[in-house]
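All of these numbers come straight from a predicted model, not from anything done at the bench.
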Amino acid sequence: ALGKSQVNGAHMALAEINKGGGILGHHVEILVQDGGADVGKSVEKLNELVDKDHVNFTAGSVSSAVAQACSLAIIEPATGHGLPGQAARP
């Protein structure tokens, strides 16, 4: 339920951002992956987003353990991992 609320809120915010011209003139899209609060599965899904989809930013880890593992797994310097509302710190 929490993950669904985050996705819904992100879509609402993104609609406003894109309506205003996007970020630096580029419209933004949301790609959703669900690791089910499993660290290994979440890191695997994160790597897919980075390697296959070439995302520039990720956000939304609900579990502190997942947030920390995903932060440590980022290998592309240009890709940031946002940790909204998280207490985890690598």
Any side-chain heavy atom of Q33 within less than 4.5 Å of one from L46? no
Minimum heavy-atom separation for S63 and A37, please, with both atom names. CB-CB, 4.5 Å
Just jot down the side-chain contact (heavy atoms from CB on, under 4.5 Å) partners of D53, sequence neighbours excluded, or say none. L31, L49, V55
Using distance only, find each side-chain donor-acceptor pair of residues 13-20 under 3.5 Å and give its atom names and separation, not counting sequence neighbours.
unit_1: N18; atom_1: OD1; unit_2: V28; atom_2: N; d: 2.8
unit_1: N18; atom_1: ND2; unit_2: V28; atom_2: O; d: 2.7

Quick one: closest heavy-atom pair of A69 and V39, and the distance? CB-CG1, 3.4 Å
Please list all pairs passing the salt bridge (charged side-chain N to carboxylate O under 4.0 Å, His left out) test where one or both residues lie in residues 29-41, with sequence neighbours left out. none
Euclidean distance, H26 NE2 relative to I23 CD1, rounded to 0.5 Å: 10.0 Å
Interatomic distance, NE2@H11 vs CD@Q6, rounded to 0.5 Å, equals 12.0 Å
